[in-house]
Amino acid sequence: MFSEKILALAAECEKDCREQFEYIDDIAFKNTQKVMKVFAENKLSDRHFAPTSGYGYNDDGRDLCDKLFADAFGAEAGFARHSIINGTHALSIGLYALLRPGDTLLSVAGKPYDTLDEVIGISGKSGDGSLADFGIGYKQIDLDENGYPRLEKIKEAVANDESVKVVFVQRSKGYSDRRTLTVKDINDICDVVRANSNAYIMVDNCYGAFTEESEPKADLLVGSLIKNAGGGMAESGGYLVGTAKAVELASYRYSTVGVGLECGASLGQTKSMIKGLFYAPHTVAQAVKTAVFAARVFEKLGFTVSPKYNEKRSDIIQTFTLGSEDALVKFCLGIQAGSPVDAHVAPVPWEMPGYNDRVIMAAGAFTQGSSIELSCDGPVRPPYIAYLQGGLTYESGKYGILKAAQTVTE
Ligand SMILES: *Cc1c(COP(=O)(O)O)cnc(C)c1O
């Protein structure tokens with residue numbers, strides 16, 4: 001199936017990655033212990049998996065699931081719902097929950113993820129109901145030239161402007177060519193903001209969850225269940241966890257003021273969400289190992305990769321600078337061919353809702369669009385960077401990477 005040359009390269013790269021793999025397994029064990037402890041303390045039981053319909057009153061399983069997510073993230077409160085349609089929706093709930101007309105949103109890790117442009121009102125039509133339409137201002141502080149937060153600037157910005165109500169931090173690099181922030185970087189931002197203002201700190205935790213031993217100490221920590229925190233098991237959904245006050249406001253925006261978290265039929269999704277949380281530390285480790293392996297393979301093939309195989313990680317994303325549309329497309333073709341579902345189809349660039357450039361995606365996932373499953377995507381713009389993430393099992397991830405290596409080098 002693979003050439004002798006590719007298999008020899010794989011063996012060599014795996015040897016190089018051994019130390020990293022041990023480190024990743026150690027983090028997975030620590031996070032698994034955390035999750036198991038939370039399940040035991042909350043007395044998770046068979047009855048919690050029972051579905052509800054209609055209004056979903058008295059859904060003990062749903063309530064417990066909320067608590068499990070909050071506790072697993074080390075937060076005061078939180079909720080995880082299958083009815084949150086994606087990460088953008090979860091983030092949008094958080095932003096509209098905390099901001100009021102006249103307030104300012106301050107993004108301190110450069111521009112947020114592309115799909116938030118229209119939510120904030122950086123792009124899109126006036127009158128659509130963006131934050132800008134509601135009179136909410138937007139300011140941004142870029143990371144420094146080495147990719148670290150500018151703490152002094154952040155301090156000045158929050159101390160001198162009382163309108164700054166939300167300090168927004170995106171942990172993962174998303175579709176920008178920058179360093180992923182670590183939990184420590186983000187906690188440093190939290191300390192500075194808390195010492196100098198009353199602003200909420202909201203963290204886009206997409207792709208970050210369970211890659212380190214602990215999670216950022218944000219007022220609102222937000223992510224998708226078809227990424228890390230759903231462990232490849234949740235069929236859909238998102239989570240928002242954090243302080244009791246911020247989560248309460250978020251719950252009103254999620255459903256309605258007054259209703260909050262008391263309604264919302266679980267429709268039988270609770271079990272897969274909780275099972276997902278159980279799997280998450282392990283599944284994330286599989287994805288990180290896949291990324292580390294991929295970094296080593298493509299570095300050896302002569303491409304610029306970020307991060308390098310032996311660098312510390314705080315998300316599951318791996319980038320490869322491919323230099324041309326052709327190479328980007330070939331890379332994605334290889335990943336698609338190495339997927340368990342739709343391995344026979346060829347991805348092409350398309351105009352995706354919410355994104356400003358054409359995007360090419362390889363996604364052969366059991367859950368549509370799930371990016372804790374091996375997937376790769378890239379906006380079709382120079383320098384043609386492919387963003388790879390996921391891998392439910394290291395073995396299948398390795399298979400996909402070798403397919404991509406073969407396609408790109410042929
Ligand atoms: C995936 C992601 C989002 C949300 O994207 P959805 O496709 O709406 O789930 C937001 N921010 C970052 C950094 C992401 O990786």
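Indexing begins at 1, ligand by ligand and atom by atom, following the structure's order.
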Open item on the list: Working note: E41 + K67, criterion salt bridge (charged side-chain N to carboxylate O under 4.0 Å, His left out); need CA distance, chi angles, decisive distance, verdict.
Closed with: CA-CA 11 Å; E41 281 169 358; K67 181 82 164 35; over 6 Å; no
TODO: Please say whether Y207 places an N or O atom under 3.5 Å from an N or O atom belonging to ligand 1.
DONE: no
- [ ] Indicate, as side chain, backbone, both or neither, the part of L91 found under 4.0 angstrom from ligand 1 when only non-hydrogen atoms are considered.
- [x] side chain
Open item on the list: Below 3.5 Å, N or O to N or O, backbone or side chain included: is there any such pair between S172 and ligand 1?
Closed with: no
Open item on the list: When you compare the side chain of C190 with that of V192, does any pair of heavy atoms fall below 4.5 Å?
Closed with: no
Task: Side-chain donor-acceptor pair present, Y57, T52, cut-off under 3.5 Å - done: no
TODO: Under 4.0 Å, heavy atoms only, figure out whether ligand 1 is touched by the backbone of K227, its side chain, both or neither.
DONE: side chain
TODO: Considering heavy atoms of the protein only, find what lies nearest to atom 11 (N) of ligand 1 and give residue, atom and distance to 0.1 Å.
DONE: D204 OD2, 2.5 Å
TODO: Kindly confirm or rule out an N or O of T115 lying under 3.5 angstrom from an N or O of ligand 1.
DONE: no
TODO: Using distance alone, determine whether G87 and ligand 1 share an N or O pair under 3.5 Å.
DONE: yes
TODO: Please report which non-hydrogen protein atom sits nearest to atom 8 (O) of ligand 1, along with the residue it belongs to and the distance in Å to one decimal place.
DONE: T88 OG1, 2.5 Å
Open item on the list: As a test of understanding, state which of K173, Q318, M361 forms a side-chain contact (heavy atoms from CB on, under 4.5 Å) with Y387.
Closed with: K173
- [ ] Report the C-alpha separation of R62 and D66 in whole Å, then their side-chain angles, then the decisive distance to 0.1 Å, and conclude whether the salt bridge (charged side-chain N to carboxylate O under 4.0 Å, His left out) test is met.
- [x] CA-CA 6 Å; R62 180 197 64 212; D66 287 347; 5.1 Å; no
